[in-house]
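Reading through the structure tokens given below for one structure.
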Amino acid sequence: MFYAVNALAISLEADDEEALLSLYGDEEMISLATGNSKPISRAPAIATVITAEDIKEIGATDIDQVLETVPGLHVARSPRGYNPIYTFRGIFSQFNSQVLMLINGIPITNLFAGDRNQVWGGLPVQSIARVEVIRGPGSAIYGADAFAGVINIITKAKEDIAGTEVGGRAGSFNSWDGWALHGDSWGGFDVAVMLEYGDTDGQRRTIDEDAQTFFDSQFNTDASLAPGSVNLQRENFDARVDISREHWRLRAGLQRRQNVGTGAGVAQALDPSGRFASDRWNADLTYHNPEFFSENWDVTAQLSYFNTSQEVEQNVRLFPPGADFNSAPGIDFPEGVIGNPEVFERHARFKVSTFYTGFEQHQIHAGTGMRYGDLYDVKEVKNYEFDFETGLPRPLGGLRDVTGDLSQVFLRERDRKNYYVFLQDVWNFANDWEFTAGVRYDHFSDFGDTVNPRLALVWATRYNLTTKLLYGRAFRAPSFAELFNINNPVAIGNPNLDPETIETVELAFDYRPSNALRLALSLFHYRWDDIIQFVSDPGTSVNVAENAGRQKGFGMELEADWALTSNFHLLGNYAFQHSTDEKTGKNAGHAPQHQIYLRGSWEFLPHWRLTPQFNWVIDRSRTASDSRPAINNYSIFDLTLRRTAIKRHWEVAFSVRNLFDSDAREPSPAGNPGALIPNDLPLSGRSFFGEIRFRF
């Protein structure tokens, strides 16, 4: 084994990939870092791979529970719908547009807020084959928004299912899920079909005070619904199909979200009756030929389409019935402040790329592509307008459809074109040394040009130790809300914005002292410039988007993966970060400065596996403008018991999450003069889930 590893360390050319697969195992290969599959230890990035087996072990029902296990990544929450905020290395924002999420390598970023959709509604996990995550910048390959980190969700293909599986789950909060997966060959085609459906009332923890509580104190009203529970019900339907033959592959999917609750409220005032919906359609046709001209040319071309919506099923109340802001005689809003914003987008992409290995010791990766994004429809029904002097709502004279009325509607319809070209060289310039240099040029029709390079030096220091030195620059494109928002004095757009940028330097070590133990350490430092913030316009109540902020940070991540015995496996990580807001000189806030994750996996009897996991979130500072005390730490302990191979075809599992019923909370936004939800956003208490699967 020693000589085999040493030989592989000397030569890491593409031809060795098959041998590396057999040595490291498929779960440790990653394609996200370069576009070509590599072992994690040799990839020019700090990366994590989570497989479908990992997801089953921890009893995860949603992608957020999976991502919380990644070192340096914490899943915080937004008041609106409790949308996840994937916080990499202290980089936090309410819309979380600094993180790029891909499904099968294709972005699902919305133009409107630059995120994954304001009506997210969760992502079930039964169709997921693996999740690849890189911490740090990735714009040199993936372009816009590959900023703080990149998450690629790879769905199952025929070989990942190999037959038929049906299953179901039921548990706390009146939740249940059902799924059916099928993978087989039909008429010379490899086919995978996946269906998932879920329905839940959601957790019902209590918000003690909300935004209306504050206005009640200002205007002597009694309208607030606080204390009251968050509104997290939802209904999910996901369907995916994957068909391939020879060099061609067709994939399509639908993520339908209905009956989606408003979380802690769109305006941070409880709204138990508001309902959103969303459809996300996607399709891609991919041609991949590893020997297009010759064995040195590996060519891929891809055409993809994505359509997404934010829709209102039932009136969304920014403030509850009885809200009064002293803008008219009597109660201003006896039915509540109602605002029903709807957005519809379509995205088309084409790209072509090639790996060329005809030069000795070099692997060239080059490509070009374009993206057309069209926010083609904006609708709004509401019963208020903003008073630009006070920043408060005033009656509009009943519920009105203001679609197309630029004096009232919240957003302008626009489109965006993006053209790009990239070039990367992986140069194996000496035994044990590999140097990756890449650069990508992007042209955007609305804000111009940007160039983003990256450099990576990977040294096979010893047969069991790898050292990496990485540099990368990335950018985040301004969202359409930041560019084209209108008629909302707390968030007016600015068409003259520049993209946000970040430069990151990383030093990493991957050490495998034995076949049973892997240790990894990564150190990082970043500088985040031109942060887009809504800044008060002097003398008015209006906030306008500006490139106004700067942040710097540093930290480390330590990982361990230890197979203590053939039946017991221990995995854990510790992450530390310190981030500073350079405008205030204070801690940037929100993100945990320390995070500890531990997981054991114990097969105590044949086909019986017990998986405890522990997540400890430590030291979250407030922002400089937030006078509240620092938010309390929390720790959550989960337990999953799984029995496989019952009469060959059956499998059952039982999970308890937050076993000790910890009072876990995520920070609510700061406000002026104070936070609108002062006691933060409560997470779920103890919950139980049972699961059954049948394979044939």
Does F359 have more than 12 heavy atoms from other residues, nucleotides or ligands lying within 6.0 Å of its CZ? no
If the threshold is 4.0 Å, N to carboxylate O, is there a salt bridge linking R440 and D442? yes
Taking the six-membered ring of F524 as reference, does the cationic atom of R89 (NZ for Lys, CZ for Arg) lie under 6.0 Å from its centre and within 45° of its axis? yes
Step by step, work out the side-chain contact (heavy atoms from CB on, under 4.5 Å) result for L457 and F429. CA-CA 11 Å; L457 187 62; F429 64 92; 3.9 Å; yes
Any side-chain to backbone donor/acceptor pair from D619 onto P592? Under 3.5 Å, distance only. no
Without swapping roles, check the side chain of R135 against the backbone of A148 for a donor-acceptor pair under 3.5 Å. no
Do E559 and Y597 pair up side chain to side chain, a donor and an acceptor below 3.5 Å, judged on atom types alone? no
Would you check if there is a donor-acceptor pair between the side chains of R251 and T155 at a distance under 3.5 Å? no
Closest non-hydrogen atoms of G72 and A575, given as atom of the first, atom of the second and distance, are N-CB, 3.5 Å
Under 4.0 Å between a Lys/Arg side-chain N and an Asp/Glu carboxylate O for D54 and R599? yes
Do the side-chain N and O atoms of Y441 and D449 include a donor-acceptor pair separated by under 3.5 angstrom? yes
Say whether N567 and T565, considering side chains only, have a donor N or O and an acceptor N or O under 3.5 Å apart. no
With sequence neighbours excluded, tell me which residues meet salt bridge (Lys or Arg N to Asp or Glu O under 4.0 Å) with R77. D64
Has the side chain of K468 got a donor or acceptor atom that lies under 3.5 Å from a matching backbone atom of A45? yes
Are N573 and E557 close enough that a side-chain donor and a side-chain acceptor fall under 3.5 Å? no
Take E246 and D190 through the side-chain contact (heavy atoms from CB on, under 4.5 Å) test and state the conclusion after the steps. CA-CA 9 Å; E246 296 180 348; D190 289 342; over 6 Å; no
Test: side-chain hydrogen bond (donor to acceptor under 3.5 Å, both in side chains). Region: residues 105-117. Which pairs qualify, not counting sequence neighbours? N96-R116, D115-Q118, N117-S278, N117-T308
CD1 (I128) and CD1 (I55) are apart, to the nearest 0.5 Å, by 5.0 Å
Output field: ring centroids F475/F444 closer than 6.0 Å: yes
If you measure from the Lys or Arg side-chain nitrogens to the Asp or Glu carboxylate oxygens, is any gap between R42 and E434 under 4.0 Å? no
Under 3.5 Å, is there a donor-acceptor pair between the side chain of T467 and the main chain of F509? no
Do you know the tightest heavy-atom contact between A477 and P499? CA-CB, 4.5 Å
Measuring from N104:CG to N152:CG, what's the distance to the nearest 0.5 Å? 7.0 Å
Please determine, by modelled atom types, if Q361 and N428 share a side-chain donor-acceptor pair under 3.5 angstrom. no
Quiz question: by atom type and distance under 3.5 Å, do the side chains of Q551 and T580 form a donor-acceptor pair? no
Listed by chain and number, what are the salt bridge (Lys or Arg N to Asp or Glu O under 4.0 Å) partners of E500, not counting sequence neighbours? R476
What's the separation between atom CG in L100 and atom CD1 in I141, rounded to the nearest 0.5 Å? 12.0 Å
Spacing of L111 atom CG and F480 atom CZ [to the nearest 0.5 Å]: 4.5 Å
Please determine whether side-chain contact (heavy atoms from CB on, under 4.5 Å) holds for the pair I151 and F88, giving the CA-CA distance in whole Å, both sets of side-chain angles, and the decisive distance to 0.1 Å. CA-CA 11 Å; I151 301 165; F88 283 86; 4.1 Å; yes
Ignoring hydrogens and geometry beyond distance, is a side-chain donor-acceptor pair present between R473 and T504 at under 3.5 Å? no
So, N289 versus Y287: side-chain donor-acceptor pair below 3.5 Å or not? yes
Go through the side-chain N and O atoms of N452 and T450 and say whether any donor and acceptor fall under 3.5 Å apart. yes
Under a 3.5 Å threshold, yes or no: a donor from one side chain and an acceptor from the other, between E506 and S522? no
Using modelled atom types only, decide if a donor and an acceptor are shared between the side chain of T69 and the backbone of L67 within a distance under 3.5 Å. no
Please report whether the ring centroid of F422 lies less than 6.0 Å from that of H365. yes
Any idea which heavy atoms bring G600 and F568 closest together, and the distance? CA-CZ, 4.3 Å
Are H594 and N633 close enough that a side-chain donor and a side-chain acceptor fall under 3.5 Å? no
Flag if over 12 foreign heavy atoms under 6.0 Å of CD, Q533: yes
Using a strict 4.0 Å threshold on nitrogen-to-oxygen distance, state whether D510 and R518 make a salt bridge. yes
Does one side chain, of Q424 or R454, offer a donor that lies under 3.5 Å from an acceptor on the other? yes
For Y526 and E503, does a side-chain donor sit closer than 3.5 Å to a side-chain acceptor? no
Can you run down the side-chain hydrogen bond (donor to acceptor under 3.5 Å, both in side chains) pairs that involve residues 584-593, sequence neighbours left out, and say none if there aren't any? Q593-S621
For R527, all residues meeting salt bridge (Lys or Arg N to Asp or Glu O under 4.0 Å), sequence neighbours excluded: D529, E582
Taking only residues two or more places apart in sequence, or in another chain, which ones meet R416 in a salt bridge (Lys or Arg N to Asp or Glu O under 4.0 Å)? D446
Would you say S304's side chain and A283's backbone share a donor-acceptor pair under 3.5 angstrom? no
Exactly one of T357, T436, D425, N296 clears side chain to side chain contact (heavy atoms under 4.5 Å, CB included) with Q363, and that residue is T357
To the closest 0.5 Å, what do you measure between CG (N496) and CG (N547)? 10.0 Å
Expected output: side-chain T461 to main-chain W459 donor-acceptor under 3.5 Å: yes
May I ask you to decide if the ring planes of W297 and Y356 are parallel, tilted or perpendicular, using 30° and 60° as cut-offs? tilted
If only atom types and distance count, is the side chain of H288 paired as donor or acceptor with the main-chain N or O of H247 below 3.5 Å? no
Kindly state whether the ring of F306 and the ring of H347 have centres lying under 6.0 angstrom apart. yes
Could you walk me through whether I636 and D638 satisfy the side-chain contact (heavy atoms from CB on, under 4.5 Å) test, starting with their C-alpha distance in whole Å, then the side-chain angles of each, then the deciding distance to 0.1 Å, before giving a yes or no? CA-CA 7 Å; I636 288 181; D638 304 326; 3.4 Å; yes
Identify whether the distance between the nearest side-chain nitrogen and carboxylate oxygen of R249 and D242 falls below 4.0 Å. yes
Has E482 got a side-chain atom pairing as donor or acceptor with S479's backbone, closer than 3.5 angstrom? yes
How long is the gap from CD1 on I153 to OG on S127, to the nearest 0.5 Å? 11.0 Å
How about Y420: does its OH atom have over 12 heavy atoms from other parts shown lying under 6.0 Å from it? yes
